[in-house]
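Read the structure below first, then the notes.
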Amino acid sequence: KKGETMSKDKTRRIMQKGGGEARFAYGMIAPMMLMFCCFGLFPVLYSLYLSFRSLKLNTAAAEHFVGFENYIRAFSDEVFLQSLPKTVYFVLLLIVGSIVLGMCFALLVNARCVHAKQMMILLGLLPWAIPRVVSGLMWDWIFDGNYGILNYVCKSLGLIDNYQWWFTFGPYTSLTLCAIVEIWRLSPFVALMFYAGLQNVPRTLYESAEIDGATGFRSFIHVTIPSLQPVLLTSSILITTWALKTFDTIRVLTSGGPGTDTTLTYLYVYQQAFSYQNISYASALGWLFALVIGVIIILYIRVLGRDNTQ
């Protein structure tokens, strides 16, 4: 009985000690959770509440409940509907361009004949380190129709007769120019990811492929690409996330113009909220756009899950 009593006391002390540690842990994370609820969760839930209201800061009309009216209005809003394919086009350009350029730079740095790899990586990362606003202002000067260096180079090579305003050739041409700026900025980071992934590819795989008679291109297709598939999927997710919140560059270069040519979905949500002060409608647009992003995330998860099971 004495041994049984001592065992119960020991168990009680362990449980009390564990409970104290748990309370201490909860106390440590409580400030962070409080800040998350105040500045993260509450604004999201409040925006959902506002999406069913009629809050407009530029009118004196009383706010009232309107149900799904804002959501129904979105499906008849031509600017919003036109912004969706433009956003998809912009995201696809960034994914393809950043991955292709990043892969090429990573393969170049990883080549055996290349020296000063650290210096090349450092110089290559400079575009990614430049803030979006600064890079946007720099490229705005390059594309300028009066004194831009792009016009000067094209005219010197005889490609154009007169200086051009490059953002007046249609929405997808303008979006392509904006995408070039973001590809220039993002591809160095993607290259760093691919370069790190290449260091984990066993050299024996290339030697085996060479013994089997595979050329450099076939080795790239059947050895390098499959080995870098996790990096490829991760970089695609990151680029998609960055592309869907690229605001500064387009704001500096075009402000969504000319007209609505470069008005992407998130820029239109911003305009509705802060330019037109239509808070409720902007909240509804934001939630619809969040659903689109959720579908994209589910597709990525399915691809990752299928790859892991295989």
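The figures that follow rest on heavy atoms only: side chains count, while hydrogens, waters and symmetry mates do not.
For Ser236, there are no side chain to side chain donor-acceptor pair (under 3.5 Å) partners, not counting sequence neighbours. With sequence neighbours excluded, no residue satisfies ring pair (Phe, Tyr, Trp, His ring centres under 6.0 Å) with Trp166.
Between Gln272 and Val269, the closest side-chain pair of non-hydrogen atoms is not below 4.5 Å. Residues Thr173 and Thr176 fail the side-chain proximity criterion, which asks for heavy atoms closer than 4.5 Å. Two residues are said to be in side-chain contact when any heavy atoms from C-beta on lie closer than 4.5 Å; Arg185 and Arg132 meet this criterion. With contacts defined as side-chain heavy-atom distances shorter than 4.5 Å, the pair Arg53/Val66 does not qualify. You'll find the side chain of Lys86 reaches within 4.5 Å of the side chain of Pro171, heavy atoms only. In this structure, the side chains of Trp184 and Trp139 come closer than 4.5 Å at one or more pairs of heavy atoms.
Inspection of the Thr262 and Thr254 side chains reveals an N or O donor paired with an N or O acceptor under 3.5 Å. Side-chain atoms of Thr249 and Glu182 include a donor-acceptor pair closer than 3.5 Å.
Within the structure, side chain to side chain donor-acceptor pair (under 3.5 Å) contacts touching residues 76-85 (residues at least two apart or in different chains) are Asp77-Tyr268, Asp77-Tyr281, Ser83-Thr265.
A ring-ring contact (aromatic ring centres under 6.0 Å, His included) with Phe247 holds for exactly one of Tyr266, Phe274, Tyr270; it is Tyr270.
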Please tabulate, for side-chain N and O atoms in residues 192-201, each donor-acceptor pair with protein atoms closer than 3.5 Å (sequence neighbours left out).
residue: Gln199; atom: NE2; partner: Asn110; partner atom: OD1; Å: 2.9
residue: Gln199; atom: NE2; partner: Tyr195; partner atom: O; Å: 3.0

Hey, can you pull the donor-acceptor pairs under 3.5 Å for the side chains in residues 218-228, sequence neighbours left out?
residue: Ser219; atom: OG; partner: Thr215; partner atom: O; Å: 3.0
residue: Thr224; atom: OG1; partner: Tyr206; partner atom: OH; Å: 2.7
residue: Ser227; atom: OG; partner: Val223; partner atom: O; Å: 2.7

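With side-chain heavy atoms closer than 4.5 Å counting as contact, directly or through intermediates, the hydrophobic cluster containing Tyr46 also holds Phe42, Tyr49, Leu50, Leu55, Leu57, Ile279.
Between Tyr71 and Phe52, the ring planes lie tilted relative to each other; the angle falls in the 30° to 60° range.
No single ILVMFWY cluster, assembled from side-chain heavy atoms under 4.5 Å apart, contains both Leu291 and Ile296.
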